[in-house]
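Structure, as structure tokens:
Numbers restart at 1 for each chain; the letters A, B, ... are given by sequence-line order, proteins then strands.
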Amino acid sequence: MPARLPLAAQRLVIVTGKGGVGKSAVTAALARALAGAGRRVLAVEVAHGGLGPLLGFDGLKATPRLVAPRLQAATLEPDDALADFVHGVFRFGMFARRLLESTSFQVLAAAAPGLPEFLVLHRLLGWVEERHLGRRAYDVVLVDAPASGHSLPLLAAPRTLGTFARIGPVAQVLRRVDELLGDATRTLVCLVTTPEELAVRETIELHGELVGRLGLPVAPPIVNALPPRRFGPDDEAALARLEGAAAGHPWVLAARHQVEHRRRALAQVATLRRALRTPVIRLPFLFAGPEAAGGVARLASDLAAAATRAA
Amino acid sequence: MTLADLVARHQIVISAGSGGVGKTTVAASLALWGALEGRRAVVLTIDPARRLATSLGLESLGSGERTISAEVFRAQGLAPRGTLAAMMLDQKGAWDALVERHAPPEARDRILTNRFYQHLSQSFAGSYEYMAIEQLCALAESGRYDLIVVDTPPTRHALDFLEAPRRIADFLDRKIIKWFVRPYFSAGWSALRAMNRTAGFLLRRLEQATGIAALAEISDFFSSMSGLFENFQTRIDRAHEILRAPGTALVLVSSPEEQVLGDAEYLSSKMSALRMPLKGVVLNRVHAEFRPGRRGRDEIGPEELEHVSALLGQTIGAAEAGELAANFVDYQALARGESLRIEQFRGGLPRGVPVVNVPNFSRDVHDLASLAGMHTHLFGTRAAA
Ligand SMILES: Nc1ncnc2c1ncn2[C@@H]1O[C@H](COP(=O)(O)OP(=O)(O)OP(=O)(O)O)[C@@H](O)[C@H]1O
Ligand SMILES: Nc1ncnc2c1ncn2[C@@H]1O[C@H](COP(=O)(O)OP(=O)(O)OP(=O)(O)O)[C@@H](O)[C@H]1O
Ligand SMILES: [Mg+2]
Ligand SMILES: [Mg+2]
């Protein structure tokens with residue numbers, strides 16, 4: 001049974017997973033799929049995750065810009081977010097500059113529990129709530145989040161920082177962020193993984209943390225770069241039986257490689273499904289990579305199918 | 001120079017690279033090679049796949065060094081002339097141990113229970129890297145090993161690892177104490193009164209305006225820790241020294257994917273700037289091109305199709321032969337793309353740096369026998385038995 005991507009009217013979609021599993025490729029594909037379905041999308045990469053080129057646009061800036069019909073994109077630098085925040089607190093620019101220029105303050109701000117992550121979320125909340133002429137600026141804000149080691153602190157920030165800030169303006173924003181993140185009608189967290197042991201293990205752990213500890217709305221995991229099926233079961237068996245000159249022919253060697261890789265990948269998919277007790281969304285391995293012409297579009301059409309499929 | 005020469009001539013080999021490229025696997029394989037060749041080798045691993053950890057005798061975290069027994073080797077058909085030990089990095093444990101070792105007894109509990117410390121020791125960017133280096137220093141100073149292979153944490157840019165000592169040094173920069181400890185706690189701030197008054201004022205403003213009540217607690221942390229900073233500085237200097245010693249070799253592990261190779265290129269250019277030159281490169285999980293079946297033929301032409309159909313006659317039909325051809329074409333395109341990128345990457349490397357390709361095996365590499373199986377590709381030969 002193929003999984004459904006429970007995307008309806010969400011305002012914030014956060015894509016995360018282990019490093020290098022294809023978060024940026026999936027974000028780009030989701031952005032296209034959602035824009036294609038008529039929604040006005042803002043795709044955001046946090047700290048230069050490599051999203052720009054996949055949207056056909058090198059050098060994203062802090063200010064959103066249109067990269068395709070209905071699709072805007074921007075990059076979010078935690079350092080900029082800190083500067084905005086400090087400038088917002090101090091009425092005199094000089095004080096803010098003074099604090100920001102000190103290495104000690106920078107390091108302290110980076111080390112203060114939950115603060116840098118909070119600042120990122122604060123920016124995202126700003127975009128989600130932004131309105132132009134009484135109308136929402138974006139239907140959905142789509143985030144290419146940092147790799148899971150960093151995304152957990154990001155998503156846990158309202159709690160982490162919450163223990164330090166119980167009253168005051170930060171506490172108020174924290175509550176709004178916390179509400180938004182926990183609200184399944186407005187937020188969806190998508191976990192991306194490859195069908196490989198370490199990535200699958202990390203996904204299972206992350207899923208447990210996000211659902212169990214933080215109570216966030218998490219979509220069925222997206223297994224990216226799954227080697228596609230090319231041969232039927234009978235052919236696979238026949239290929240395995242070949243001997244002599246036939247077995248050494250490059251076409252056969254390449255086919256056996258493919259069959260073996262797919263078998264190994266499916267075993268990981270099974271592990272993932274068993275651990276999370278949920279079907280998964282599958283995206284194919286693209287031989288030419290998602291950067292090649294039509295690559296992102298292909299992934300987008302698969303995701304669009306998963307998003308509209310009857311539950 | 002070959003990779004074998006490189007391992008033979010160095011006491012410390014660091015396996016660095018982007019996330020998921022095979023750093024941990026390559027580190028284990030290099031250490032195993034050393035042991036087979038008669039060295040007293042140890043591998044310091046970080047977050048290995050479970051089955052690899054088990055193969056190295058590392059069942060649980062914080063278990064210290066484990067030496068792999070002769071029986072275990074024999075069961076895998078291996079007979080090392082030296083020894084192999086393995087150890088897993090335990091970040092939290094390492095921080096606690098540092099505090100226990102360096103903090104004055106009366107400050108110890110205060111530090112260990114400080115919320116900020118607990119956060120810092122688990123999630124401060126760079127502390128993982130720093131702790132790996134800290135444990136490397138301890139291993140190097142123990143004198144128990146003549147080959148130490150160090151795995152590095154999964155960071156997007158391996159540079160984070162190399163810059164860890166500097167970043168930690170920044171963090172512990174005495175300026176921090178000046179700014180944050182003294183305004184709250186210390187009496188001796190007269191020398192920098194004007195500046196500190198501003199700093200203290202700004203901090204209090206920030207605290208009031210934001211409602212973040214952590215700043216006093218953080219200051220408390222720094223004041224409890226101040227005794228530690230002096231010792232840390234010596235450790236950091238020592239870490240720098242070890243990373244730059246002539247007996248230390250940095251080996252870059254990369255996959256042939258475009259983005260990963262880009263990161264690798266950036267890293268190798270930065271490494272010379274840090275005076276930690278790159279000494280070897282392992283390109284892991286490479287798809288080798290298949291050589292054409294028969295010379296002088298169009299690899300996928302109708303003639304070849306006929307040939308294959310005949311070859312496979314009874315087992316596979318013509319339609320399937322066509323699918324075989326299509327799959328082959330995709331595979332070759334992937335392999336060629338990789339080899340072009342690899343060529344270009346090699347062109348940008350300093351001369352004399354050995355570069356080896358390790359194929360993408362169709363099985364996970366997690367037991368000692370398969371780690372030894374990598375040696376043919378890493379060293380062009382298996383270890384002398
Ligand atoms: N479906 C796919 N088929 C083939 N290759 C893919 C696929 N998806 C991603 N890749 C490749 O995998 C690599 C990583 O992809 P991507 O940059 O999207 O990952 P990421 O998770 O965003 O990485 P990072 O953690 O570094 O930001 C890229 O080289 C990309 O070309
Ligand atoms: N040449 C290879 N062929 C096939 N599989 C491999 C190869 N090298 C490594 N692997 C497998 O790839 C996975 C990742 O390898 P490894 O853990 O060494 O990567 P890493 O760079 O240490 O990752 P991380 O950045 O997460 O620490 C493991 O399951 C390992 O068995
Ligand atoms: Mg990315
Ligand atoms: Mg590793």
**Message:** Any carboxylate oxygen within less than 4.0 angstrom of a Lys/Arg side-chain nitrogen, looking at B/Glu323 and A/Arg229?
**Reply:** no

**Interchain contact, A/Phe285 with chain B, by part (heavy-atom threshold 4.5 Å)** = side chain

**Request:** Please look at A/Arg263 and chain B and tell me whether the side chain, the backbone, both or neither of the residue comes under 4.5 angstrom of a heavy atom of that chain.
**Result:** side chain

**Asked** Of all heavy-atom pairs between B/Leu324 and A/Ala255, which one has the smallest distance, and what is that distance?
**Response** CD2-CB, 3.3 Å

**Between CD on residue A/Gln258 and CZ on residue B/Phe328, distance to nearest 0.5 Å** = 14.0 Å

**Request:** Answer with side chain, backbone, both or neither: which region of B/Ala325 has an atom nearer than 4.5 Å to a non-hydrogen atom of chain A?
**Result:** both

**Complete:** Separation between NE2 (A/His257) and NE2 (B/His287), nearest 0.5 Å, reads 3.5 Å

**Asked** With a 4.5 angstrom heavy-atom cut-off, which part of A/Ala288 approaches chain B: side chain, backbone, both or neither?
**Response** neither

**Message:** Counting heavy-atom pairs closer than 4.5 Å to chain B, which one of A/Arg256, A/Arg230, A/Glu260 comes out on top?
**Reply:** A/Arg230

**Asked** Where does A/Leu198 contact chain B at under 4.5 Å (heavy atoms): side chain, backbone, both or neither?
**Response** side chain

**Asked** Using non-hydrogen atoms only, which part of B/Ala326 is less than 4.5 Å away from chain A: side chain, backbone, both, or neither?
**Response** both

**Asked** Measuring from A/Glu291:CD to B/Glu258:CD, what's the distance to the nearest 0.5 Å?
**Response** 5.5 Å

**Atom pair NE2/CG of A/His261 and B/Asn360 - distance to nearest 0.5 Å** = 4.0 Å

**Prompt:** Which pair of heavy atoms, one from A/Phe287 and one from B/Leu334, lies closest together, and at what distance?
**Reply:** O-CD1, 3.5 Å

**Residue part contacting chain B, namely of A/Glu196, when any heavy atom lies under 4.5 Å** = side chain

**Asked** Roughly how far apart are B/Phe290 CZ and A/Trp251 CH2, rounded to 0.5 Å?
**Response** 13.5 Å

**Request:** Please indicate whether A/Glu205 has more than 12 foreign heavy atoms, meaning atoms of other residues, nucleotides or ligands, lying under 6.0 Å from its CD.
**Result:** yes

